[in-house]
Asks: 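For reference, the structure I am asking about is given below.
Every number for a ligand or one of its atoms is a count from 1 in the order of the listing. Along the sequence shown, residues are numbered consecutively beginning with 1.
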Amino acid sequence: MSKPLIKKIREKQAQIAVIGLGRVGLPTAALFADAGYQVIGIDVNEELVRNISSMELRLKEPELDELVKRVIKSGKFKVTFEITQVAEADIKMVCVQTPITKSNEPELAHLRRASENISNESLEGKLVVVVSTIPPSTLKNLVAKVLEKGSGLKCGEDFWLAYCPERIAPGRAIREFMENSRLVGGFNLESGNLAAELFKTVTRGGIFVTDCLSAEVAKLAENTFRDVNIAFANELALICEQIGADAIEVIHLANTHPRVNIHKPSCGVGGPCLTKDPFLLLHPIKQTDFKPNLIEYSRKLNDFMTDHTVELIVKVLEKEGKNIGESKISVLGVAYKGETSDATNSPAERIIGKLMSLKAIVMVYDPYCKETFGAERARNIVQAIKEADCVVIATDHKTFEKLDLQKIKIFMKANPIIVDGKRIVNPVEAKKKGFIFYGIGYGL
Ligand code: SAJ
């Protein structure tokens, strides 16, 4: 049944529609177009569509600008906000956002709407691929049902459906799209094999075909593993602070064991993925008798690290006879991680908010990110640290790793303090240069 579509895929004659042109959809659409397919990108956000078609991207990703320019100029990539244009495409890829609500419940309205929009008779002989991260069982219980209802066709027989989660880290999206291996979870085996044929044409990484539930859980397990690992590193850091050990040295030593890989402690975990995916994984468990603790506790601990960072700042200021309400604090870094401009769920947001609620004078500086979370924005590092009582490092941008401590000290107030939330400054060097140094995992 799927043979004609396989032939079209292999010959790059299949037309592809990508619904949702955000941080995953845009690179996905552009890379399929660059591989030779005719791609139409669809997004409800008219301004975003206009920006992409005039090649002025808001999304900052290495190589993305040139890539999008190339495929728009070659005519292989077109963008529109007209969802009706999805009908023609042989392959419909869904890359819409699947956020969580304030009470950590999955918010699947965009996914449902996208599924409804593609569920009509034109689905016959076509392939639907969900790329958005989804809670377990969503492909079968939501997407397949909506598609069958709207089209009157049978999923896995009249049309095919697969879950192929993205694994691209912001800041390395293009390279990782082409090089990372892919999970392909089919609604049935034929669907999985068909989607594998498609991804084989664009990735150099391996393709692992499985059932859709396994792929859904595996995708969430990847980010949850990282979140739990970081929580362990953070707990270890809190222990080290109590007993006077340096957590970075401890982790470095423990990781020399061939079967140990402890992540890095920090002032918090941010971004669109690690802060959300553990909740998606836990979602179906709510209806069962099983009460998991580890994952939920890890989330809480990672969130607590922002409070802990502020506590450290307050304590060290007090020790120096200063009141937080009269102190100038410069926060270096607003983005949720180094070398990105994305401030989604950034630890800096909570740190800045708490410092401001304690009436501190907060000045922020981030060379990549314009967000300030209500604080004043410095144009450069000197303006940021001038007359500051305390410098807080909240993002591990490479430029902050090379801070000229000697110079910084001249501009800061007497008895300058560094609170390193990312552990990128060498404590011995900082102390030698006359700083009072505190960091995550390097206690009072
Ligand atoms: N962080 C630490 N300590 C560490 C590593 C990270 O505190 O040792 C913090 C970072 O500073 C950041 C947060 O964790 O605030 C998340 O950063 P990240 O680099 O772990 O991940 P993301 O959110 O940028 O991207 C992740 C990636 N997943 C994995 O590495 C398992 C990426 O491959 C996924 O595609 C992406 O989530 C996604 O979209 O799911």
Asks: Would you please test Arg167 and Ser181 for side chain to side chain donor-acceptor pair (under 3.5 Å) and show each step?
Replies: CA-CA 8 Å; Arg167 286 172 139 180; Ser181 56; 3.1 Å; yes
Asks: Does any N or O of ligand 1 fall below 3.5 Å from an N or O anywhere on Glu222, backbone included?
Replies: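 For ligand 1, there is no N or O atom that lies under 3.5 Å from one belonging to Glu222.
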Asks: Taking the six-membered ring for Trp, are Tyr37 and Phe77 closer than 6.0 Å centroid to centroid?
Replies: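 Ring centroids of Tyr37 and Phe77 are no less than 6.0 Å from each other.
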Asks: Indicate the atoms forming the closest heavy-atom contact of Leu139 with Ile134, along with that distance.
Replies: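 Heavy atoms of Leu139 and Ile134 come nearest at N-CD1, 3.9 Å.
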Asks: Which of these, Arg423, Lys264, Arg226, has its nearest heavy atom closest to atom 5 (C) of ligand 1?
Replies: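 Looking at heavy atoms only, Arg226 sits closest to atom 5 (C) of ligand 1.
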Asks: Can you figure out which of Thr133, Ile168, Asp277, Asn223 has its heavy atom closest to atom 31 (C) of ligand 1?
Replies: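 Heavy atom nearest to atom 31 (C) of ligand 1 belongs to Asn223.
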Asks: Check whether any side-chain N or O of Asp389 sits under 3.5 Å from a backbone N or O of Ser327 as a donor-acceptor pair, and report yes or no.
Replies: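 A pair under 3.5 Å: no.
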Asks: In terms of side-chain geometry, is the basic nitrogen of Arg113 or Glu116 positioned less than 4.0 Å from the acidic oxygen of its partner?
Replies: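 Result for this pair is no, no salt bridge flagged.
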Asks: Below 3.5 Å, N or O to N or O, backbone or side chain included: is there any such pair between Leu274 and ligand 1?
Replies: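 No, since none of the N or O atoms of Leu274 sits under 3.5 Å from an N or O of ligand 1.
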Asks: Side-chain donor-acceptor pair under 3.5 Å between Asp227 and Thr224, yes or no?
Replies: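 Note: Asp227 and Thr224 side chains miss the donor-acceptor criterion.
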Asks: Looking only at protein heavy atoms, which one is nearest to atom 13 (C) of ligand 1, and what is the separation?
Replies: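 Ranked first by proximity to atom 13 (C) of ligand 1 is Gly270 O, 3.5 Å.
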Asks: Quick one: nearest non-hydrogen protein atom to atom 1 (N) of ligand 1, plus distance?
Replies: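 Going atom by atom, the protein heavy atom closest to atom 1 (N) of ligand 1 ends up being Ile230 CD1, 3.5 Å.
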Asks: Considering only non-hydrogen protein atoms, determine which one is nearest to atom 22 (P) of ligand 1 and report residue, atom name and distance to 0.1 Å.
Replies: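 Answer for atom 22 (P) of ligand 1: Tyr336 OH, 3.6 Å.
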Asks: Heavy atom to atom 14 (O) of ligand 1, shortest distance: which of Asp396, Val269, Thr224 holds it?
Replies: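 Among Asp396, Val269, Thr224, the closest heavy atom to atom 14 (O) of ligand 1 comes from Val269.
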Asks: With the threshold set at 4.0 Å, does a side-chain nitrogen-carboxylate oxygen contact exist between Glu105 and Lys286?
Replies: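 Lys286 and Glu105: salt-bridged.
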Asks: Check each atom of ligand 1 against the heavy atoms of Arg23 and keep those under 4.0 Å away; list them by number with element.
Replies: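 Those qualifying, in numeric order: 38 (C), 39 (O).
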Asks: Taking all heavy atoms of Ala30 and all of Leu67, pick out the closest pair and write down the distance.
Replies: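 Smallest heavy-atom distance, with atoms named: CB-CD2, 3.7 Å.
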Asks: Under 4.0 Å from a heavy atom of Arg167: give me the atoms of ligand 1 that qualify, with their elements.
Replies: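 Ligand 1 atoms under the 4.0 Å threshold to Arg167: 33 (O), 35 (O).
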Asks: State the atoms of ligand 1, each with its element, that fall below the 4.0 Å cut-off from a heavy-atom position in Lys422.
Replies: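 So the answer, numbered in order with elements, is 11 (O).
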Asks: Note the single closest protein heavy atom to atom 39 (O) of ligand 1, along with its residue, its atom name and the distance in Å.
Replies: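 Checking every protein heavy atom, the shortest distance to atom 39 (O) of ligand 1 gives Glu166 OE2, 2.5 Å.
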Asks: Taking Leu48's backbone N and O only, do any of them form a donor-acceptor pair with Asp43's side chain (distance below 3.5 Å, no angle check)?
Replies: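 No, Asp43 side chain to Leu48 backbone: no donor-acceptor pair under 3.5 Å.
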Asks: Under 4.0 Å from a heavy atom of His263: give me the atoms of ligand 1 that qualify, with their elements.
Replies: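 The list of qualifying atoms is 8 (O).
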Asks: When you compare the side chains of Asp342 and Thr340, does any donor N or O come within less than 3.5 Å of an acceptor on the partner?
Replies: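 Asp342 vs Thr340: no donor-acceptor pair found between side chains.
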Asks: Answer yes or no for Ser266: is there a heavy-atom contact with ligand 1 below 4.0 Å?
Replies: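 A heavy atom of Ser266 does come that close to ligand 1.
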Asks: Check whether any N or O atom of Glu176, backbone or side chain, sits under 3.5 Å from an N or O atom of ligand 1, and answer yes or no.
Replies: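 Min N/O separation from ligand 1 is not below 3.5 Å for Glu176.
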Asks: Look at atom 25 (O) of ligand 1 and say which protein heavy atom is nearest, naming residue and atom and giving the distance to 0.1 Å.
Replies: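 Answer for atom 25 (O) of ligand 1: Pro170 CD, 4.0 Å.
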Asks: How about Glu235 and Tyr297: does a side-chain donor come under 3.5 Å of a side-chain acceptor?
Replies: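 Yes - a donor-acceptor pair under 3.5 Å links their side chains.
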Asks: At a 4.0 Å threshold, what atoms of ligand 1 neighbour a non-hydrogen atom of Cys273?
Replies: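 Atoms satisfying the 4.0 Å criterion: 23 (O), 36 (C), 37 (O), 38 (C), 39 (O), 40 (O).
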